[in-house]
Amino acid sequence: MAKPYNHAEVEKKWQKRWEEAGAFRAIDFDKKPKWYGLVEFPYPSGAGMHVGHIKAYSSIEVLARKRRMQGYNVLFPIGFDSFGLPAENYAIKTNTHPHIITEKNIEHFSQQLKDVGFSFDWSREFATSRPDYYKWTQWIFLKLFEHGLVFRSKTLVNYCPHCKVVLSNEDSQGGKCDICHSDVVQMPKDVWFLRITDYADKLLEGLNHVDYPDSIKQQEISWIGRSEGTFVKFQVADGQGSPIPDETLEIYTTRCDTLYGVTFMVVAPEHPILDKYRENIVNWDAVEAYRAESAKKTEFERTQLVKDKTGVRIDGLCAVNPITGKEIPIFISDYVMMGYGTGAIMAVPAHDQRDYDFAKKFGIEIVQVIRGGDISKEAYTGDGEMINSGFLNGLTNKKDSIEKMREYLTEKGIGHKGVQYRMKDWAFNRQRYWGEPIPLIHCPKCGTVAVPEDELPLRLPDVENFEPGQDGKSPLARIPSFVNCTCPKCGGPAKRETDTMPQWAGSSWYYLRFCDPHNDKAFADRKKLEYWMPVDHYNGGMEHVTRHLLYSRFWHHFLYDIGEVNTPEPYAKRTYQGMILGADGEKMSKSKGNVVDPEDIVRQYGADTLRTYVLFMGDYGSAAPWSEESLKGCKRFLDRVYGLTDLCTASEENPQLDVEVQKTIRKVSEDIESMKFNTAIAALMTLINSFSKTGSITRYDLTVFLKLLSPFAPHITEEMWEEMGENRDGKTFLTLSAWPEYDESKTKDAVVKIGVQVNGKVRGTIEIAPDCSREEALAAARKESNVARFLDGTTVVKEIYVPGKILNIVVKK
RNA sequence: GCAGGAAUGGCGGAAUCGGCAGACGCGACAGACUCAAAAUCUGUUUCAAGCAAUUGAGUGAGGGUUCAAGUCCCUUUUCCUGCACCA
């Protein structure tokens, strides 16, 4: 009997040996085919690693280990996304520099990752908060600036009063702050934007060339929200109906063909036309009161679909329907958003439920222009024949009528085709300390000037107090030696930008840095990028699809356009993992007390058990609750694996068992590729059950088994490999040995069991050769007593035989 | 409201070019070992009826196609995810 397996000792032993041998080092320009596997590098929080990290990393870990065994030059790197609010908030609380906290957390995280035995190439590790890294984040920012993709604008932005910080749209989804989950308010602020909307079409088109699951593609598509429509100008008139020269109100619509049905217009409360014609507006007080009221509402409240529409009619201004020539009233209402389209709409109450509700409330005329429905009850939003619409009358195809109307409007110079996006430009500055300083200078003479490249990195200065200022400015604004500088253009006195970049900046290009992490001449050497890029397989969370994934694809497309990278898309393939829930089926959280600490699991059951379990617990992409009992099942499995050495006594291959071995090689190889890790592990469990039943196995059987299991449980298998007398020099690791090949001809069973049905119901089974003839199969079936019983006294109508699958005899009485 | 996905034993989940539903694991039950327990090993385990051979029912619900449906088609319910007064 072999000595008991000591996981703590064995796991440490191999982790040390692999590290000393540099077993997982990626070699630049190696002749072997390259494979770049990537996982989302962690934010090094003080809480340490979460079991979710283990699951997220295990998929690419298994693939990386398999690829090495298949002879690939594998790049499987790790680093830290270390700028961000949690470290800063902790710094404020404890009055410790975030740099110190961050480096300490990184150390802790690194140790935890190493304890699990992930085969990262640690020589490429970096952290986004270190100057040698953020120098290049700033450099890319300057390139964006240089190419006109950075602009400053005073507009309504999302602001989190709790974090005292401006947020991008992506960071305030559902009207909640991404960091603290409190309500976000809309505030007019002067902020820096990145023109991500310039890349909207490229980001959409790029999806056609990558291997992402449809769910991810769909989510990106709906986030970008491209819509094609028409811009139409309406002549504005004064209270008496006389046109105001050169004054038009432009709207955006996807249904310009309903123009004959337009009976009023609505503008957003923030629309500039209001202030411009303040003098004309008779009921200015009412307008202003309504404006104040809607400004109080949060974005969330305003975007709640409410049946009861509110608004105020603007007295003293009206518009002219360009096709009917009729005067129509203009309203303000907060169901129209300033941030989409032009902030003004043409209202077609007969065919839009919101406009319908509004018209009913304010007693406005409703003109039906599409036949169908019952507009005395509700708006008709379906398709149908155009009516009451002049030259469009009789058209039944939506596309045709839109086309025809647009042609007319274009000809008359009052309308044109246009595209709108739901996605907005990326609000890019944060009024906080722990981030990359934005390398821009405000010069009273020259305006905004870039910090010269040779002055990068623009270092984050030390401050006494990390608290954001009451004035809404970053702590950097309180350091005169940082703020005051000379303008690089004119040499005159100037002031630095004091805001920092958002959390997502550093992660928008980190996968490029892994190709060449220590380069101080460029963000990465072009040749190395050409060798390693694109990332072959990137796994990460679904929650990053409309944030990090979108942002990094944007930066990458930009870098491609300016010739800095060799591929338009950064990630050839993207997958995601399902969440690990607490044992109670709820999301793990400290307050619920259902958090599992991976460190405890490694200590108690071993890293191999933890790794195997997170992949065995269910479908990789689905959420599944944690079960300590199930985890123990995986521990039991590995203990049985360790006992296999005792079974390794056969000198000759058992032919039946060999078929199973060959099939298992195929199954595990294929399942890993399709990320069906749970069934791959199940196949190995099935095989070990067969080993136990057979009683003895050959050295070949054991070797194959260890190799197949190695990516999941690398330590125990490596130990057993050594105990088998392999790896004599201590460097010929199992984890770098050749992946087993299967012999297709040996995967065929000599006999198969197939079900025999009578009228579609299984009445017995027969054992026959898989390629056995129809006649032989039928003969065997008739001999089966239960089948014979059901055939007795009947007439056979039809016999269906699918070799290796089923035999169905259809009879009638 | 729109888009995408899901629903299978006590539980996590297998099986979708239509072909023996419930692989594998957990739990439960029984047995072996033990003074005993744990661990380990062996067996049973979808439900109902039966001593048993076996029979009937069964993949959210209702229809349909087919020799054969978890899988395909139509209708429908519930849940999850994303987007949403988007003009």
Side-chain angles (χ1 to χ4, degrees), chain A residues 173-174 213-227 229-230 251-256 258 265-266 268 302-307 309 333-337 339-348 351-355 357-358 381 420-422 542-543 545-546 578-579 585 612-613 616-619 621-634 636-637 639-640 643 676 678-689 692 753-766 785-786 789 797-811:
Chain A
Q173 298 186 17
D214 283 345
S215 52
I216 292 182
K217 286 190 183 180
Q218 257 325 308
Q219 215 174 302
E220 294 230 333
I221 289 167
S222 72
W223 183 258
I224 295 168
R226 185 181 203 274
S227 117
T230 314
I251 59 94
Y252 174 76
T253 177
T254 52
R255 290 300 303 265
C256 62
T258 59
M265 296 183 82
V266 186
R302 259 187 79 172
T303 54
Q304 285 313 287
L305 201 143
V306 280
K307 194 96 192 179
K309 298 275 178 283
S333 175
D334 60 9
Y335 83 87
V336 174
M337 305 290 145
Y340 186 79
T342 62
I345 62 157
M346 63 178 215
V348 188
H351 306 291
D352 181 293
Q353 192 58 42
R354 294 156 300 164
D355 297 346
D357 294 339
F358 196 88
T381 53
Q420 280 293 303
Y421 301 96
R422 205 197 66 84
M542 208 59 193
E543 71 277 15
V545 169
T546 50
M579 212 190 298
T612 306
Y613 174 61
F616 180 66
M617 62 196 299
D619 173 64
S622 311
W626 181 265
S627 159
E628 184 120 358
E629 295 305 323
S630 266
L631 173 88
K632 282 182 193 166
C634 290
R636 243 186 307 246
F637 165 62
D639 286 342
R640 288 180 68 202
K676 288 158 81 177
N678 53 340
T679 51
I681 294 165
L684 288 166
M685 288 173 168
T686 308
L687 185 59
I688 202 174
N689 289 343
S692 302
K753 265 192 191 173
I754 68 166
V756 180
Q757 298 179 332
V758 179
N759 284 349
K761 283 199 183 289
V762 180
R763 298 302 179 185
T765 56
I766 51 171
S785 61
N786 202 47
R789 192 155 71 87
V797 178
K798 203 172 179 184
E799 289 154 336
I800 296 118
Y801 173 54
V802 184
K805 300 267 191 193
I806 203 85
L807 178 64
N808 189 9
I809 305 170
V810 186
V811 298

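Proteins come first, then strands; the chains are lettered A, B, ... in the order of their sequence lines, and each starts at number 1.
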Query - A:R226: salt bridge (charged side-chain N to carboxylate O under 4.0 Å, His left out) partners, not counting sequence neighbours - result: A:D201, A:E228
Query raised in the report: Between B:G25 and B:U44, how far is it from one P atom to the other, in whole Å?
Result: 13 Å
Query raised in the report: Closest to the A:S630 side chain: B:A87, B:G25, B:C85?
Result: B:G25
**Report entry** Qualifying side chain to side chain donor-acceptor pair (under 3.5 Å) pairs with a residue from residues 213-225 of chain A, counting only residues at least two apart or across chains
**Finding:** A:E170-A:W223, A:E220-A:R553
Query - For atom CG of A:L631 and atom C1' of B:G12, their distance in whole Å - result: 13 Å
Report summary line: Side-chain atoms of A:M685 come closest, of B:C83, B:C24, B:C85, to B:C24
**Report entry** Syn or anti conformation of B:G9, syn meaning chi within 90° of 0
**Finding:** syn
Query raised in the report: What residues, two or more places apart in sequence or in another chain, satisfy ring-ring contact (aromatic ring centres under 6.0 Å, His included) together with A:F616?
Result: none
Query raised in the report: Is A:S630 reaching over with its side chain to a backbone N or O of A:S627, donor-acceptor style, under 3.5 angstrom?
Result: no
Query raised in the report: Shortest non-hydrogen contact from A:A624 to A:M617?
Result: O-CE, 3.8 Å
Requested in this report: Sticking with atom C1', work out how far B:G64 lies from B:C51, rounded to a whole angstrom.
Outcome: 43 Å
Report summary line: Those residues at least two apart in sequence (or on a different chain) that pass salt bridge (charged side-chain N to carboxylate O under 4.0 Å, His left out) with A:E628 are none
**Report entry** B:C67 versus B:A30 - spacing of their P atoms, nearest Å
**Finding:** 49 Å
**Report entry** Of the listed nucleotides B:C24, B:A87, B:C83, the one nearest the side chain of A:Q173
**Finding:** B:C83
Query - Rounded distance in Å - NZ (A:K805) to C1' (B:U16) - result: 12 Å
Report summary line: Atom CD1 of A:I216 and atom P of B:C83 are separated, to the nearest Å, by 14 Å
Name the pairs: protein N/O against N/O of nucleotides 38-48 of chain B, kept only if under 3.5 Å.
from, atom 1, to, atom 2, distance (Å)
B:U40, OP2, A:R636, NH1, 3.4

Query - Set of residues satisfying salt bridge (charged side-chain N to carboxylate O under 4.0 Å, His left out) with respect to A:R422, sequence neighbours excluded - result: none
**Report entry** Integer-rounded Å distance: B:C83 C1' and A:Y421 OH
**Finding:** 18 Å
Requested in this report: In whole angstrom, give me the gap between the C1' atoms of B:U54 and B:U65.
Outcome: 32 Å
Report summary line: Winner on side-chain proximity to A:T765, out of B:A15, B:C83, B:C20, is B:C20
Requested in this report: Looking at every strand, decide which applies to A:G225 at a 4.0 Å heavy-atom threshold: base, sugar-phosphate, or nothing.
Outcome: nothing
Query - Minimum-distance nucleotide (side-chain atoms of A:W223 versus B:C24, B:C20, B:C83) - result: B:C83
Report task. Could you tell me the separation between the CH2 atom of A:W626 and the C1' atom of B:G25, rounded to a whole number of Å? Result -> 15 Å
Report task. Look up atom CG in A:L684 and atom CG in A:N689, then write down how far apart they are to the nearest 0.5 Å. Result -> 11.0 Å
Query raised in the report: By side chain to side chain contact (heavy atoms under 4.5 Å, CB included), which residues pair with A:L631, not counting sequence neighbours?
Result: A:I601, A:Y605, A:T609, A:Y613, A:W626
Report task. Check A:T342 against A:I251 and note the closest heavy-atom contact, atom names and distance. Result -> OG1-CA, 3.3 Å
Report task. Look at the side chain of A:K753 and the base of B:C20, then say whether one donor and one acceptor between them are separated by less than 3.5 Å. Result -> no
Query raised in the report: Does A:R789 put a side-chain nitrogen or oxygen below 4.0 Å from OP1 or OP2 of B:U54?
Result: no
Query raised in the report: With a 4.0 Å cut-off on heavy atoms, is A:K217 in touch with a base, just the backbone sugar-phosphate, or nothing at all?
Result: nothing
Query raised in the report: If the P atom of B:C29 is compared with that of B:A39, how far apart are they to the nearest Å?
Result: 13 Å
Report task. Measure the distance from CG on A:D352 to P on B:C86 and round it to the nearest whole Å. Result -> 8 Å
Report summary line: All heavy atoms of A:V756 vs all of A:I809, minimum pair found to be CG1-CD1, 4.5 Å
Requested in this report: Assign A:N786 to base, sugar-phosphate, or nothing according to its heavy-atom contacts below 4.0 angstrom with the strands shown.
Outcome: sugar-phosphate
**Report entry** Contact under 4.0 Å: A:R763 side-chain N or O vs B:C20 OP1/OP2
**Finding:** no
Query - Closest heavy-atom pair and its distance - A:I754, A:I806 - result: CD1-C, 4.2 Å
Filtered N/O pairs between nucleotides 67-69 of chain B and protein, under 3.5 Å:
from, atom 1, to, atom 2, distance (Å)
B:C67, O2', A:N808, ND2, 3.1
B:C67, O2, A:N808, ND2, 2.7

Report task. Between B:C72 and B:A7, how far apart are the P atoms? Round to whole Å, please. Result -> 11 Å
Query raised in the report: Of the nucleotides B:C86, B:A14, B:A23, which has the atom closest to the A:D619 side chain?
Result: B:A14
**Report entry** A:D355 versus A:Y335, closest heavy-atom pair with distance
**Finding:** OD1-OH, 2.8 Å
Query raised in the report: Hey, does the side chain of A:Y340 come within less than 4.0 Å of B:A87's phosphate (OP1/OP2), counting only N and O?
Result: yes
Query raised in the report: Just checking A:A683: base, sugar-phosphate only, or nothing, at a heavy-atom cut-off of under 4.0 Å?
Result: nothing
Report summary line: Nearest heavy-atom contact between A:T253 and A:M346 is OG1-CE, 3.8 Å
**Report entry** Any residue meeting salt bridge (charged side-chain N to carboxylate O under 4.0 Å, His left out) with A:D619, in chain and number order, not counting sequence neighbours
**Finding:** none
Query raised in the report: Choosing from B:G27, B:G82, B:G25, which nucleotide comes nearest the side chain of A:E629?
Result: B:G27
Query raised in the report: How long is the line joining CD1 of A:I224 and C1' of B:C83, in whole Å?
Result: 13 Å
Between protein and nucleotides 2-7 of chain B, what N or O pairs are separated by less than 3.5 Å?
from, atom 1, to, atom 2, distance (Å)
B:A3, O2', A:Q218, OE1, 3.4

**Report entry** P-based separation of B:U40 from B:G4 [nearest Å]
**Finding:** 48 Å
Query raised in the report: Atom CG of A:D334 and atom NZ of A:K309: how far apart are they, to the nearest 0.5 Å?
Result: 9.0 Å
Query raised in the report: For RNA chain B, what string of dots and brackets results from 5' to 3' when Watson-Crick and G-U pairs need both distances under 3.5 Å, crossing pairs get [ ], and pairs with another strand get |?
Result: (((((((..(((......[....)))((((((.......))))))((((....))))..(((((..]....))))))))))))....
Query raised in the report: Quick one: ring-ring contact (aromatic ring centres under 6.0 Å, His included) partners of A:Y340, sequence neighbours excluded?
Result: none
Requested in this report: To the nearest Å, give me how far apart CD1 (A:I754) and C1' (B:G19) are.
Outcome: 10 Å
Requested in this report: Using the C1' atom on both, measure B:U8 against B:C47 and round to a whole Å.
Outcome: 14 Å
Report task. Take A:G343 and A:N678, find for each the nucleotide of RNA chain B with the closest heavy atom, and name the residue whose nucleotide sits nearer the 5' end. Result -> A:N678
**Report entry** Short side-chain N/O contact from A:N689 to OP1 or OP2 of B:A23, under 4.0 Å
**Finding:** no
